[in-house]
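Heads up: the structure comes next, in structure tokens.
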Amino acid sequence: MKLLVDVPSGFNFLRTVYSHGWCSLPPFHVEKASSQLQRVIELSGGKSAVIRICQPARTRLAVEVAGGSALGAAKRREIVSQVRSCFRLDEDYSEFYRAAKSYPAFRWVPKIGAGRLLRAPTVFEDVVKMICTTNCSWALTEVMVVNLCKKLGVEVDEGKFTFPRPETIAENTEKFLRKEIRAGYRAPYLLELSRRLARNDFDAESWRHSDLPTNELYDLVRSVKGIGPYAAGNILKLLGRYDYLGIDSWCRKQFFEIHKNGRRTSDRVIENFYERYGEWKGLFFWMDVTKDWYAREFPF
DNA sequence: GCGTCCAGGTCTACC
DNA sequence: GGTAGACCTGGACGC
């Protein structure tokens, strides 16, 4: 079964897929040969599906649902809604692009349709993955996320698993998360987050539609154990707020090479550098340090 | 092959 | 408010 999804003018599928590392973490998977993004998605009523997304025309995405002929209209709408959310199709980037056009160094951004950051269908998945990126190599992040899906997700097709639900993680032990998931000292953080969500202690999904000023939303995100300035800044970007940079060691290194001839500076200097970009500073920062990715079809 | 050192963010305790 | 040390893992390096 194939679904068609309208996209805004200038939308660039591959540039959104490769906007950051999420596309290489399950349940996302890039099929380079066909330039498709595969994703295992969970639907209401305990159903799941494997979908493959590509952009056959400038104005729309095509979503192939494997074995989905029996899906009714409501389920099809759910799939389209998740795809629209992951690709940020309903967010307005016109102000960002207008700003980018006014800076010679960023005129390339609207030209190629960069700037949309791929996100997961749920805030929970984004937060868990962000915690798994802290204080470790990307290779270890992949190990943790693969283990979460394989050991706690539901197998929908051979070797294809859903991302685990909060309740599933919550019912496991810290020892299991430490040793089997390889989360190490992050285990109690993942457990506490999952258990709070499973108990309905707080509603992370509401962050995507929050009316709170960004600094208050930042404090709320920071209140989750294991989320520091780097992780909070980047989670905010996935919520559509770009007022924080979310600096990590890789970004620092990129900044030093691009702007300081490799010379190290403090984070305060980096923050001051992007202050001119106002509420879009986090996105300008990310565009700046990842600019060389956009020269290649598949940057990683 | 084994041991040691280091990098990578966040938390807690302490000043 | 700022800082030091602990947390855990994988990779690099030396032996």
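Note that these values count all heavy atoms, side chains included, but never hydrogens, waters or copies made by symmetry. Lettering follows sequence order; numbering is per chain, from 1.
Applying the side-chain contact (heavy atoms from CB on, under 4.5 Å) test between A:Leu152 and each of A:Thr162, A:Thr168, A:Asn147 identifies A:Thr168 as the sole match.
Using a 4.0 Å cut-off between a side-chain N of Lys or Arg and a carboxylate O of Asp or Glu, A:Asp267 and A:Arg252 qualify as a salt bridge. Ion pairing of A:Glu42 with A:Arg165 is present here, as a side-chain N (NZ or NE/NH1/NH2) and a carboxylate O approach within less than 4.0 Å. Ion pairing between a basic and an acidic side chain is recognised when a charged N comes within 4.0 Å of a carboxylate O; A:Glu31 and A:Arg52 show such pairing.
At a non-hydrogen distance threshold of 4.0 Å, nothing from residues 234-244 of chain A comes into contact with DNA chain B. For the segment residues 259-270 of chain A, the set of residues with a heavy atom within less than 4.0 Å of an atom of DNA chain B is empty.
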Which pairs would a plain distance check flag for residues 20-29 of chain A, meaning a side-chain donor or acceptor within less than 3.5 Å of a matching protein atom at least two apart in sequence or in another chain?
from	atom 1	to	atom 2	distance (Å)
A:His20	NE2	A:Leu118	O	2.6
A:Trp22	NE1	A:Asp126	OD1	2.6
A:Ser24	OG	A:Gly21	O	2.9

Throw together a table of side-chain donor-acceptor distances under 3.5 angstrom for residues 217-233 of chain A, partners on residues two or more places apart or in other chains.
from	atom 1	to	atom 2	distance (Å)
A:Arg222	NE	A:Ile227	O	3.0
A:Ser223	OG	A:Leu220	O	2.5
A:Tyr230	OH	A:Thr133	OG1	2.6

| remark: Protein heavy-atom contacts under 4.0 Å, written 5' to 3' over nucleotides 9-15 of chain B as B (base), S (sugar-phosphate only) or - (none), form the string BSSS---

| A:Phe284/A:Phe96 under ring pair (Phe, Tyr, Trp, His ring centres under 6.0 Å): CA gap, chis, key distance, verdict | CA-CA 9 Å; A:Phe284 276 106; A:Phe96 169 64; 5.0 Å; yes

| message | Applying side chain to side chain donor-acceptor pair (under 3.5 Å) to A:Asn234 and A:Lys237, what does each step give before you reach the verdict? | response | CA-CA 5 Å; A:Asn234 284 300; A:Lys237 288 176 197 167; 3.1 Å; yes

| field | Audit row: A:Glu91, A:Arg88, salt bridge (Lys or Arg N to Asp or Glu O under 4.0 Å) steps and yes/no | value | CA-CA 6 Å; A:Glu91 282 179 39; A:Arg88 327 287 290 269; 2.7 Å; yes

| field | Candidate pair A:Glu64 and A:Cys54, rule side chain to side chain contact (heavy atoms under 4.5 Å, CB included), full reasoning | value | CA-CA 9 Å; A:Glu64 183 79 45; A:Cys54 64; over 6 Å; no

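Comparing the start and finish of the helix from B:dG1-C:dC15 to B:dC15-C:dG1, five pairs each, the helix axis swings through 30°, to the nearest 10 degrees.
Residues A:Gly184 and A:Ala139 both approach DNA chain C. Their nearest nucleotides, taken by heavy-atom distance, put A:Gly184 toward the 5′ side.
A:Ile169 and A:Ser194 get closest at one heavy-atom pair: CG2-OG, 3.2 Å. Minimum heavy-atom separation, A:Thr290 to A:Trp286: OG1-O, 2.6 Å.
Under the 6.0 Å distance and 45° angle rule, A:Arg199 does not count as a cation-pi partner of A:Phe202.
Sorted by first and then second residue, the side chain to side chain donor-acceptor pair (under 3.5 Å) pairs involving residues 109-124 of chain A (not counting sequence neighbours) are A:Ser85-A:Arg119.
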List every contact pair, protein side and nucleotides 2-6 of chain B side both N or O, where the distance is under 3.5 Å.
none

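The side chain to side chain contact (heavy atoms under 4.5 Å, CB included) check on A:Arg98 picks up A:Ser94, A:Glu95, with sequence neighbours excluded. Among residues two or more places apart in sequence or in another chain, the salt bridge (Lys or Arg N to Asp or Glu O under 4.0 Å) test is passed with A:Glu78 by none. Evaluation of the salt bridge (Lys or Arg N to Asp or Glu O under 4.0 Å) rule for A:Glu257 yields A:Lys253 as partners, not counting sequence neighbours.
Heavy-atom contacts of chain A under 4.0 Å fall on DNA chain C between two terminal nucleotides, which in 5' to 3' order are C:dC7 to C:dG10.
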